Amino acid sequence: MSSGEIRRRKNATNRQTASNSMSSKASPLTQTKRSTGTDNTDETNPTQSGKKALKRREYDEYAWFAVFLLAASYFVITRRGGGIHHSRGGLLSSFSKPYQISASSVSVMGNQEEMIRSIFYIAKNQKVSTRSSSSLELAHNHQLEVVLSSPPDLYCTEETTDICNTNDNQEECNKQSSNEQPIPFLSHLISTTWVHDEELGRGFLLLADGGRSGRIWRWEVGGGPITIGRSLHMERSGCRSGLRVDGDDTKMRNGTCPENIFSGSVSSSSSSCSKTASEQKTSSPPLLGSASLAVELTRDAERSSIGKNIIVAEWGEKRIVRVEGETGARTPLVVLVPPPAHHEKIEMESQGQEEEEDDEASHESEEVSVPEWVRVQRPNHLTYTPFGDLLFSDNRDNVGIVYRLKEAVHVQPISAEQSRDAHGWERSTMEDLADKNNVDILFQADGVIEGLALGSDYSMLYILVASPVGKTVYRLPLDSDDDEDDGSGDATSNEPNEGEKESASVFYSMPFEDCEEDHIDYNGNASLSVGSKLSVDAQGTLYMITCPSTVTLLSREQGRVIGTLTSQGSESFTSIGFGEDGFLYLTSPNELRRVKTRIGGMAVPTNLVVPQPSKSATTGGDEQRRHKRDKN
């Protein structure tokens with residue numbers, strides 16, 4: 001190896017050593033810098049954090065605007081779709097299938113165009129002719145529309161009851177149906193009532209289904225993008241025990257409530273139920289459900305529809321109960337009622353010989369148990385007065401009676417355990433039967449009562465009565481000093497009884513011939529008159545179902561017809577009533593309709609409800625208080 005090569009290698013080795021030495025000396029410094037990097041950053045934090053905080057404050061100043069934009073967008077999408085008076089849930093619901101239109105015009109009588117325009121939303125640029133009657137087109141999205149529809153409930157006749165309608169074979173009959181068709185969920189709608197929920201901040205409509213054992217449905221439109229629609233509110237709302245079921249009248253075995261199981265639209269198939277249906281041996285279902293609903297008045301409440309307790313007329317149990325909102329117990333309000341005059345005479349004759357055997361013992365028994373009182377049969381048309389009294393009707397042997405349960409809001413509730421036993425009670429409470437002054441008769445007429453409605457000033461009660469020849473609306477004054485005798489509003493004859501000429505008067509009447517093609521085949525069958533077919537708006541205008549699918553509007557002053565609303569090709573209407581959402585609701589056995597109106601229904605005040613009596617006055621004081629009230 002040459003000396004030059006040796007020197008080059010030495011120089012390279014020295015340079016490498018020097019480089020490693022410098023690197024090792026520099027490492028601690030670098031490590032120090034890295035380890036102290038956080039500290040250096042912290043030294044600059046005050047300036048950077050200040051800038052970030054400033055930007056954050058600037059963003060916070062505009063955060064409310066972003067929230068406002070989101071809320072406004074949600075409101076427009078969910079509430080304002082199709083206009084401020086749009087009948088659906090909102091803009092998103094506009095993409096769903098539209099409701100079926102049932103009626104698009106309203107008829108006007110005479111010179112009542114201004115009155116009709118004040119009630120309904122009429123399309124622009126329309127004028128009626130000078131004829132006695134013409135029509136006005138309803139505005140778009142304000143027509144009579146079908147919002148709920150169900151296939152008809154076909155009920156097997158007596159020959160196939162054991163096959164199709166019993167608890168054991170109903171499901172098997174459903175499985176045998178070869179054609180899959182829509183299964184009905186509505187049996188026979190009878191009435192509606194509006195309930196306001198303070199917790200939700202909105203209301204909903206309750207539908208009383210009187211078919212089979214009865215159901216109560218809930219219909220509501222929420223504030224969201226999708227309509228809430230229907231939901232089941234109560235099952236078996238009219239028949240639970242079966243103790244009052246008469247097989248001769250209801251096509252059921254004695255003591256048996258029909259099951260709420262629907263077999264769908266029956267067609268010709270191999271099943272026994274379908275064969276009988278194809279041979280037209282089916283019929284409408286038995287009506288043992290809930291016939292009428294009402295919200296119990298709460299003293300000094302913001303509105304009359306606010307309340308947790310619901311009053312139900314149970315046809316299967318033949319009574320009126322109050323469903324307690326806290327416990328769910330069913331407190332009997334009405335079980336026994338005074339019979340009409342001719343019923344009292346018949347019962348006394350049938351019991352005459354028995355009473356003659358022991359006059360003194362019989363007399364004492366009458367004073368205690370009052371045997372002439374009878375069990376209510378078909379309670380209907382539940383209506384509260386501003387004082388807390390409950391008005392209701394009953395039909396017995398083609399005689400309609402209007403009763404009043406005094407101070408119904410003060411009936412003490414029962415427990416859930418007592419509620420089970422109350423099905424067998426022969427009276428409304430466990431109180432002494434000698435106290436029979438709580439129920440009295442306000443009105444009696446030949447025919448079937450189809451509706452009750454308070455006037456807009458709460459001093460008048462309108463009563464709709466159907467007879468074989470037509471319908472009549474009576475007007476009965478309601479005063480604090482009601483007449484002493486029961487049956488003060490007797491309308492069984494054309495001439496009122498002597499001394500009672502100012503009690504009940506005819507407000508409006510019409511023969512069935514006026515229905516023309518929409519004629520009702522009335523032959524005294526009370527089932528054809530099921531439902532609450534009378535209502536009153538806030539201005540006192542009466543709405544009554546005259547012909548099967550026609551609503552007639554009557555003026556408050558003289559009972560003159562101002563217009564009609566007719567649904568073409570629909571089922572017969574069973575009830576009419578207002579909701580607090582600005583709609584007038586109409587029901588048929590399997591459908592729910594509504595039309596937007598400018599005027600709402602008549603609201604009952606709550607500040608006039610009679611206060612709860614003190615405990616000291618309760619014992620032995622109820623009879624004196626009622627006597628003073630009625631005789632004052």
Side-chain angles (χ1 to χ4, degrees), residues 115 119 191-193 292 294 304 379-387 389-395 400-404 441-467 470-480 482-483 487-492 494 496 500-510 529-547 550-565 573-578 584-586 597 599-605:
M115 177 66 72
I119 297 175
S191 65
T192 63
T193 192
S292 182
S304 59
N380 207 344
H381 311 121
L382 305 177
T383 305
Y384 269 103
T385 69
F387 307 105
D389 299 336
L390 179 64
L391 308 181
F392 62 96
S393 70
D394 192 16
N395 296 303
I401 314 104
V402 177
Y403 294 99
R404 175 182 61 178
I441 296 178
L442 297 182
F443 178 85
Q444 177 179 324
D446 291 335
V448 179
I449 294 180
E450 290 192 334
L452 302 178
L454 286 176
S456 57
D457 57 357
Y458 323 115
S459 63
M460 287 288 177
L461 177 66
Y462 294 96
I463 307 168
L464 176 60
V465 180
S467 67
K471 295 188 178 185
T472 303
V473 178
Y474 293 93
R475 184 166 54 182
L476 178 68
L478 290 178
D479 300 324
S480 59
D482 292 314
D483 294 339
S488 61
D490 190 2
T492 55
N494 294 331
E500 300 173 356
K501 295 184 180 296
E502 297 299 324
S503 295
S505 59
V506 176
F507 182 72
Y508 171 79
S509 64
M510 60 153 286
S529 297
V530 170
S532 300
K533 303 180 180 180
L534 185 66
S535 187
V536 177
D537 67 16
Q539 294 186 356
T541 303
L542 273 70
Y543 301 70
M544 60 175 292
I545 299 174
T546 49
C547 304
T550 298
V551 177
T552 300
L553 283 67
L554 304 177
S555 63
R556 172 183 177 180
E557 293 78 10
Q558 300 176 347
R560 294 181 178 178
V561 178
I562 63 177
T564 59
L565 179 65
F573 293 153
T574 56
S575 72
I576 184 171
F578 284 91
L584 175 66
Y585 287 92
L586 291 161
T597 59
I599 302 175
M602 193 271 297
V604 178

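Quick caveat, the model's predicted, so the values are computed rather than measured. Hydrogens, waters and symmetry mates play no part in the numbers below; they use all other heavy atoms, side chains included.
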Are V506 and Y474 side-chain neighbours, meaning at least one heavy-atom pair lies under 4.5 Å?
yes
Side-chain donor-acceptor pair under 3.5 Å between S393 and H381, yes or no?
yes
Closest heavy-atom pair, P386 versus L454, reported as atoms and distance to 0.1 Å, is CD-CD1, 4.2 Å
Sub-4.5 Å side-chain heavy-atom contact between T564 and L553
no
Evaluate the side chain to side chain contact (heavy atoms under 4.5 Å, CB included) criterion for residues I449 and N395: first the C-alpha distance (whole Å), next the side-chain angles of each, then the deciding distance (0.1 Å), finally the verdict.
CA-CA 7 Å; I449 294 180; N395 296 303; 4.0 Å; yes
Determine, using ring centers only, whether Y462 and F507 are less than 6.0 Å apart.
yes
Excluding sequence neighbours, so at least two apart, what forms side chain to side chain contact (heavy atoms under 4.5 Å, CB included) with T574?
H188, T587, P589
Centre-to-centre under 6.0 Å for Y543 and F578, is that the case here?
yes
Quick one, K471 with L464, criterion side chain to side chain contact (heavy atoms under 4.5 Å, CB included). Give me CA distance, side-chain angles, the key distance, then yes/no.
CA-CA 7 Å; K471 295 188 178 185; L464 176 60; 4.1 Å; yes
With a 3.5 Å distance limit and no angle check, can you tell me whether T552 reaches the backbone of T546 through a side-chain donor-acceptor pair?
no
Does a side chain donor of either S509 or T472 reach within less than 3.5 Å of an acceptor in the other side chain?
no
Does V604 form a side chain to side chain contact (heavy atoms under 4.5 Å, CB included) with T383? I'd like the steps, not just the answer.
CA-CA 10 Å; V604 178; T383 305; over 6 Å; no
Between L534 and L542, is any pair of side-chain heavy atoms under 4.5 Å apart?
yes
Are any side-chain N or O atoms of S555 and backbone N or O atoms of R560, one a donor and one an acceptor, separated by less than 3.5 Å?
yes
M510, CE atom: more than 12 neighbouring heavy atoms under 6.0 Å
yes
Begin with the C-alpha distance, continue with both residues' side-chain angles, and end with the deciding distance and a verdict on side chain to side chain contact (heavy atoms under 4.5 Å, CB included) for V473 and M544.
CA-CA 9 Å; V473 178; M544 60 175 292; 3.7 Å; yes
